[in-house]
Amino acid sequence: MEPITVTILALAGALLLGYLMGSVNAAIIVSRLLKGDDIRRHGSGNAGMTNMLRTYGKGPAALTAAVDFLKATVAIILARWLVDVFDLAMLIDVGYLAGLGALTGHLFPLYFHFKGGKGVITALGVLLCVNPLVFAIVAAVFIPLIFITRIVSLCSVIGAASLPFVTWAVRTYQGQPPLWDALFAAAIGAIIIVMHRENIKRLRSGTEHRFGSQKKKEGGDA
């Protein structure tokens with residue numbers, strides 16, 4: 001088999017692996033196992049950590065966040081391991097495609113009629129693997145901001161918008177070419193922003209939910 005064919009198959013395999021693992025939506029599984037219900041029938045209808053927190057409390061929400069975070073890291077680690085096992089020469093890090101696949105699977109899960117969450121926690125799991133320093137900066141700045149503003153969606157959108165710039169700065173600081181990493185970060189950021197388009201409308205109208213306030217039917221989910 002030609003080397004270029006092997007490379008294409010490996011990249012496609014990494015993307016597929018990430019998508020299949022990302023489709024394991026923790027919010028849906030946890031709500032069904034622990035509560036005998038589907039989280040998408042409650043609150044904002046979003047299958048993510050924030051809606052789990054509002055609907056079922058801290059325990060189920062923490063379990064959801066852990067699984068949604070780890071499934072992205074596991075997909076990337078496994079894709080990289082397979083490339084090493086088969087000694088494949090790759091032009092780019094397969095972790096990028098596995099991460100994008102995991103994020104896409106979380107948003108549009110194959111196993112749950114393509115209706116998932118908004119991807120913030122899963123995106124953080126991707127960042128941890130592809131660039132731990134970028135992850136640390138984003139987490140250090142925007143997690144405290146969530147508790148200051150009490151608006152999860154606002155911090156998610158701001159963090160997503162800043163991601164390519166933080167990535168560019170970090171890769172430049174590390175003495176590495178920043179272009180591909182910044183483009184990857186821009187793709188993740190754009191996906192997160194698009195998935196929060198309804199939240200952005202509510203932010204502009206001043207009706208977005210603040211956690212800790214009285215529950216509303218719709219809110220700023222992660």
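- In this structure, a donor-acceptor pair under 3.5 Å is present between the side chains of Y96 and D181.
- Distance check: L17 CG to L78 CG gives 5.0 Å after rounding to the nearest 0.5 Å.
- Residues A139 and P144 come closest through the heavy atom pair O-CD, 3.5 Å.
- In the hydrophobic clustering, where aliphatic and aromatic side chains (Ile, Leu, Val, Met, Phe, Trp, Tyr) are joined below 4.5 Å either directly or transitively, L183 groups with W168, L179, W180.
- Under the 4.5 Å side-chain heavy-atom criterion for grouping Ile, Leu, Val, Met, Phe, Trp and Tyr, V141 is connected to V134 within one hydrophobic cluster.
- Under a hydrophobic-cluster definition in which Ile, Leu, Val, Met, Phe, Trp and Tyr are linked whenever side-chain heavy atoms come within less than 4.5 Å, directly or via other members, L16 and F114 are assigned to the same cluster.
- Closest approach of I193 to A160, counting heavy atoms only: CG1-CB, 3.8 Å.
- Atoms CG and CD1, on L163 and I192 in that order, are 9.0 Å from each other to the nearest 0.5 Å.
- In plain terms, the two heavy atoms of A79 and A98 that are nearest each other are CB-CB, 3.8 Å.
- For the pair R171 (side chain) and A182 (backbone), a donor-acceptor distance under 3.5 Å is absent.
- Within the 4.5 Å cutoff, no side-chain heavy atoms of T122 are placed close to those of F69.
- Residues forming a salt bridge (charged side-chain N to carboxylate O under 4.0 Å, His left out) with K35 (at least two apart in sequence, or on another chain): none.
- Separation of atoms CE (M21) and CG (L70) is listed at 9.5 Å; rounding is to 0.5 Å.
- Annotation: side chain of P109 is not in contact with side chain of V24 (no heavy-atom distance under 4.5 Å).
- Counting all heavy atoms, side chain and backbone alike, P164 lies closest to A185 at CA-CB, 3.8 Å.
- Cluster membership for I137 and L124, using ILVMFWY side-chain heavy atoms within less than 4.5 angstrom, is shared.
- Sorted by first and then second residue, the side chain to side chain donor-acceptor pair (under 3.5 Å) pairs with a member in residues 108-117 form an empty list; sequence neighbours excluded.
- I200 and L145 fall into different hydrophobic clusters, where Ile, Leu, Val, Met, Phe, Trp and Tyr residues are linked whenever their side-chain heavy atoms come under 4.5 Å apart, directly or through other members.
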Query raised in the report: Between H196 and V120, is a side-chain contact (heavy atoms from CB on, under 4.5 Å) present by the stated rule, with each step listed?
Result: CA-CA 10 Å; H196 283 79; V120 174; 3.6 Å; yes
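- In this structure, L154 CG and N199 CG are separated by 10.0 Å, a value rounded to the nearest 0.5 Å.
- Listed by chain and residue number, D37 satisfy the salt bridge (charged side-chain N to carboxylate O under 4.0 Å, His left out) test with R41 (two or more places apart in sequence, or in another chain).
- In this structure, the side chain of S31 engages the main chain of I39 through a donor-acceptor pair within 3.5 Å.
- Residues meeting the ring pair (Phe, Tyr, Trp, His ring centres under 6.0 Å) test with Y173, sequence neighbours left out: none.
- Between F108 and M195, the shortest heavy-atom contact is CZ-SD, 4.3 Å.
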Query raised in the report: Given the rule in the side-chain contact (heavy atoms from CB on, under 4.5 Å) test, do Q174 and N131 qualify, once you have shown the distances and angles that lead to the verdict?
Result: CA-CA 11 Å; Q174 293 172 331; N131 196 314; 3.6 Å; yes
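- In the hydrophobic clustering of ILVMFWY residues, with side-chain heavy atoms under 4.5 Å counting as a link, V152 and I148 come out apart.
- Using modelled atom types, no side-chain atom of T55 and backbone atom of M52 make a donor-acceptor pair closer than 3.5 Å.
- Between the side chains of R202 and H209, not a single donor N or O lies within less than 3.5 Å of an accepting N or O.
- Among pairs with a residue in residues 59-79, those fulfilling salt bridge (charged side-chain N to carboxylate O under 4.0 Å, His left out) read D68-K71, at least two apart in sequence or across chains.
- Considering SG of C155 and CZ of F147, their distance stands at 10.0 Å, rounded to 0.5 Å.
- Taking the side chain as every heavy atom from C-beta outward, I29 and F112 approach each other to under 4.5 Å.
- Distance check, rounded to the nearest 0.5 Å: CG of N25 to CG of L110 gives 12.5 Å.
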Requested in this report: Please report the C-alpha distance between F142 and T149 in whole Å, then the side-chain angles of each, then the deciding distance to 0.1 Å, and finally whether the side-chain contact (heavy atoms from CB on, under 4.5 Å) criterion is met.
Outcome: CA-CA 10 Å; F142 292 102; T149 65; over 6 Å; no
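- For I188 against A123, the heavy-atom pair with the smallest separation is CG2-CB, 3.9 Å.
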